[in-house]
Amino acid sequence: MQGDVIVVGSGPAGIVVALELANAGHEVILVESGGLRFSGHSQYLGDTPYFDPRVHAAMSQCTRRQIGGTSTIWGGRCVPYDPLDFDERPYISDSSWPVSYQEIAKYFQRACDWFLCGDAEFDIRNIPEVTQKSIVPQLPDGEILTSRLERWSLPTKFGQEYLRELNSCTRIKVVHGLTCTEIECDDSGRRVTGILAKTLGRKRVRLKSRAYVLACGGLETTRLLMASDRKHVGGIGNHSGLLGKFYMGHISGRIAKARFGTPPKQTIYGFDRDAKGIYLRRRFSFAREFHHEKRLPNIVGWLANPDIYDPAHGSGVLSFAYLMLTSPVVGKFLASEAIRAAARGGLSRRIVFPHVVNMLRDMPSTLFFISNFGYRRFISRRKIPGFFVYSKSNVYPLHYHGEQMPNRDSRVSLAEDCDVLGLRKLKIDLRYTARDIDGVIRAHQYWDEYLRKHSCGYLEYIASDLQASVWEQAADGFHQIGTTRMSEYPDSGVVGKHCNVHGFDDLFIASSSVFVTSGQANSTFTIVAFALRLADYLRSVVLQK
Ligand SMILES: Cc1cc2nc3c(=O)[nH]c(=O)nc-3n(C[C@H](O)[C@H](O)[C@H](O)COP(=O)(O)OP(=O)(O)OC[C@H]3O[C@@H](n4cnc5c(N)ncnc54)[C@H](O)[C@@H]3O)c2cc1C
């Protein structure tokens, strides 16, 4: 098969690159390992037994092999990286990006258009229709901010949303059920001669084009490069010995509750909506200068519900949600396995009776919730992303989501055994460090001081041993960052600033694996911003030659 460009992987990154290039007049082949619908046979190709379940989710929970990729099961939260992430931060080693924030920020509006999440405005102060600008009254923006926003997409499942456009575009050939197993190079080892791909029935296909874009997701892209090791020790892109290293996700969890002393009814604990009806959510964050002054990693916090599995919350709504999400019959139709696992809270037995009592005691609000939320979540096209319950006592758990700092010992590598197509399985070794833990604890200390300084409340710690609690909750797998890191020069990374594998001018990566740092943001919005930038570069430079 031949085209101008071959894009491997049809998640958000692959679909955006493919459609952008095809719409600019180029012939594109979009190759996807999975099918139009979910199939266990394809999904199994990405499975590996080599990971520690205490710190990493199973690949079957954190990826999806089908057209649309993992966006088929994602939550839809859209958050860009911050200017801080691209700053020089000598206090965080190996954190230097070869591109600036401005170079990426100019793609944010186009990214919003792809996600269908409205305007690229992430500051509540610039959204006139929302009148209360701070999370609680009298809490100004200063070293701590509460004006920064996340936006929510439909949630936009890229396969479903863009399939018609993919199928109707004559310049795109979508080939599904075909898994790329090796990138082949010429004798110089600096030019790709083709990509070898196989069907589940082991039929072999060689794909050829002028340029190749790997968009297989953070870990599978790295795996494919590592497995292409005929001419390159450790795989294509391993010239610096860094392929697979610096694996990062995020550090998240709860160690405290925010107890506000302000009027309870004026606490913004749930979603706002802008004039276009897009769901927005506020978060506690820090000013850029404050981060630098305190040498603090990037981290945010947002107000959350009490743990829904614990009936002590007394809320009929939360109890109803718990019973539904943990139901063996309906649970799987309501939310992804990851969300259902969180709802179970690690308990081995499902609690039923006390939750039913909560629902009976709280019947009017439970019934109102069922009809109102049910419609907004399951019938309307723009789905409400979740629900939050009001706290009369004005106390809310604070959920943190922070940067995991670059660490070359945190890595993935190839195991000896292979999947059914002969591709070696991944060994995953995601490692947090004491510095990640310290960042979380200090952030809480600063949030607490700020609330007290403005007489708005304070933080109440849930955990008695903060260090132990943050360590225990540190786990990811859903955001797969850093294993093909970007660098100015080949000796310190895998790809250059145009996402080309160093030494190649026909092999590119569209994935969060190229990110140098993990920031506080969930990755997908910035993945798409980079995918748009790559499409522009391919169109205006590579395919012009
Ligand atoms: C439960 C859950 C909730 C999430 N919620 C959010 C959220 O709210 N916000 C956010 O920003 N992120 C979220 N994420 C993460 C988000 O889904 C990913 O960041 C995003 O999908 C990555 O896009 P991608 O295109 O890089 O890769 P993917 O979406 O993973 O797509 C990669 C594609 O490549 C294909 N592929 C892999 N290997 C090969 C091969 N060898 N040959 C051919 N094809 C191949 C795969 O089948 C897949 O279709 C969530 C993830 C999960 C699991």
Side-chain angles (χ1 to χ4, degrees), residues 6-18 29-36 38-39 42-43 45-46 57-81 111 114-115 117 150-153 155-159 175-183 195-199 205 207 213-225 227-228 249-250 281 335-342 385-386 401 419 421 423 426 476-481 509-515 519-531:
I6 285 166
V7 178
V8 186
S10 73
I15 287 183
V16 166
V17 173
I29 300 176
L30 178 61
V31 187
E32 167 56 46
S33 168
L36 285 173
F38 177 76
S39 140
S42 312
Q43 185 68 36
L45 294 170
M59 289 296 275
S60 57
Q61 253 190 46
C62 54
T63 58
R64 254 311 155 96
R65 277 203 182 215
Q66 68 182 89
I67 295 279
T70 313
S71 74
T72 314
I73 54 166
W74 80 317
R77 188 196 304 259
C78 295
V79 199
Y81 267 43
W114 279 96
F115 284 102
C117 69
E150 59 198 36
R151 305 184 78 83
W152 287 80
S153 64
T156 309
K157 301 178 180 188
F158 278 65
V175 189
H176 52 78
L178 194 61
T179 304
C180 297
T181 54
E182 189 180 342
I183 303 156
I195 291 191
L196 189 64
K198 295 180 188 166
T199 64
V205 180
L207 306 155
V213 176
L214 307 184
C216 311
L219 293 189
E220 286 299 318
T221 296
T222 312
R223 180 181 175 203
L224 180 56
L225 287 168
S228 306
H250 288 104
R281 190 118 205 276
S336 68
E337 176 47 30
I339 291 172
R340 284 182 291 133
H401 195 262
D419 66 18
L421 298 184
L423 198 60
L426 268 185
D476 205 344
F478 299 93
H479 303 139
Q480 303 167 354
I481 300 164
I509 296 182
S511 163
S512 49
S513 61
V514 306
F515 297 173
Q520 53 74 23
N522 308 49
S523 337
T524 317
F525 188 86
T526 309
I527 292 175
V528 167
F530 269 96

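Here the structure is a predicted model, which means the values were calculated and not measured. FYI, the numbering just counts along the sequence from 1. Remember, it's 1-based here, ligands and their atoms both numbered in the order they're listed.
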Thr72 near ligand 1 by a heavy-atom separation under 4.0 Å: no
Contact (N/O only, under 3.5 Å) between Gly75 and ligand 1: yes
Closest protein heavy atom to atom 23 (O) of ligand 1, given as residue, atom name and distance to 0.1 Å: Pro12 CD, 3.5 Å
List, one per line, each side-chain donor-acceptor pair under 3.5 Å for residues 519-526, sequence neighbours excluded.
unit_1, atom_1, unit_2, atom_2, d
Gln520, OE1, Arg283, NH1, 3.0
Gln520, NE2, Asp82, OD2, 2.9
Thr526, OG1, Tyr81, N, 3.1

Close-contact set for ligand 1 against Leu178 heavy atoms, below 4.0 Å: 43 (C)
Plane angle bin for Trp74 and Phe158 - parallel if under 30°, tilted between 30 and 60°, otherwise perpendicular: perpendicular
Part of Ile67 with heavy atoms under 4.0 Å of ligand 1, whether side chain, backbone, both or neither: neither
Within reach of ligand 1, part of Ile73 (heavy-atom separation under 4.0 Å): both
Minimum side-chain heavy-atom gap Ile183-Leu214 below 4.5 Å: yes
Heavy atom of the protein closest to atom 40 (C) of ligand 1 (residue, atom name, distance): Cys180 N, 3.8 Å
Donor-acceptor under 3.5 Å (Ser512 side chain, Ile527 main chain): no
Protein heavy atom at shortest distance from atom 15 (C) of ligand 1: Phe478 O, 3.6 Å
Worked verdict on Val213 versus Val8 for side-chain contact (heavy atoms from CB on, under 4.5 Å): CA-CA 6 Å; Val213 176; Val8 186; over 6 Å; no
Any donor-acceptor pair under 3.5 Å from Gln43 side chain to Arg65 backbone: yes
Residue pair Glu220 / Gln480, side-chain heavy-atom distance below 4.5 Å: no
pair Ile29-Val7: side-chain heavy atoms closer than 4.5 Å: no
Nearest protein heavy atom with distance in Å, relative to atom 18 (C) of ligand 1: Thr524 OG1, 3.4 Å
Glu32 side chain vs Ser10 backbone, donor-acceptor pair below 3.5 Å: yes
Ligand 1 atoms in contact with Cys62 (distance to a heavy atom under 4.0 Å): 53 (C)
Minimum-distance protein heavy atom relative to atom 50 (C) of ligand 1: Trp74 CB, 3.7 Å
Test item: Leu426 and Leu219 side chains (from C-beta on) under 4.5 Å apart, heavy atoms: yes
Any donor-acceptor pair under 3.5 Å from Thr156 side chain to Phe115 backbone: yes
Part of Arg65 within contact of ligand 1 (heavy atoms, under 4.0 Å): both
N/O donor-acceptor pair under 3.5 Å between Ser228 side chain and Leu224 backbone: yes
Minimum-distance protein heavy atom relative to atom 47 (O) of ligand 1: Glu32 OE2, 2.5 Å
For Ser523, atoms of ligand 1 separated by under 4.0 Å from a heavy atom: 11 (O)
Distance filter under 4.0 Å to Gln61 heavy atoms, resulting ligand 1 atoms: 53 (C)
Closest to atom 32 (C) of ligand 1 among Gly218, Gly9, Cys216 (heavy-atom distance): Cys216
Protein contact of atom 43 (C) of ligand 1 - nearest heavy atom, named by residue and atom, plus distance: Ser33 N, 3.4 Å
Lys/Arg-Asp/Glu bridge criterion (N-O < 4.0 Å) met for Lys198, Asp419: no
Close-contact set for ligand 1 against Gly76 heavy atoms, below 4.0 Å: 7 (C), 8 (O)
Where ligand 1 meets Glu220 - atom numbers and elements under 4.0 angstrom, heavy-atom basis: 37 (C), 38 (N)
Close-contact set for ligand 1 against Val8 heavy atoms, below 4.0 Å: 42 (N), 43 (C)
Full working for side-chain contact (heavy atoms from CB on, under 4.5 Å) between His401 and His479: CA-CA 12 Å; His401 195 262; His479 303 139; 3.9 Å; yes
Proximity flag Arg64 to ligand 1, non-hydrogen atoms under 4.0 Å: yes
Residue pair Leu423 / Leu45, side-chain heavy-atom distance below 4.5 Å: no
Backbone or side-chain N or O of Arg77 under 3.5 Å from ligand 1 N or O: yes
Proximity to ligand 1 by part of Ala13, non-hydrogen separation under 4.0 Å: both
Protein heavy-atom partner closest to atom 30 (O) of ligand 1 - residue, atom, separation in Å: Thr70 OG1, 2.7 Å
Proximal ligand 1 atoms for Gly11, defined as those under 4.0 Å from one of its heavy atoms: 25 (O), 29 (O), 31 (O), 33 (C)
Under 3.5 Å: donor-acceptor pair, side chain of Thr72, backbone of Gly69: yes
Part of Gln66 within contact of ligand 1 (heavy atoms, under 4.0 Å): backbone
Under-4.0 Å heavy-atom contact with ligand 1, by part of Ala197 that carries it: neither
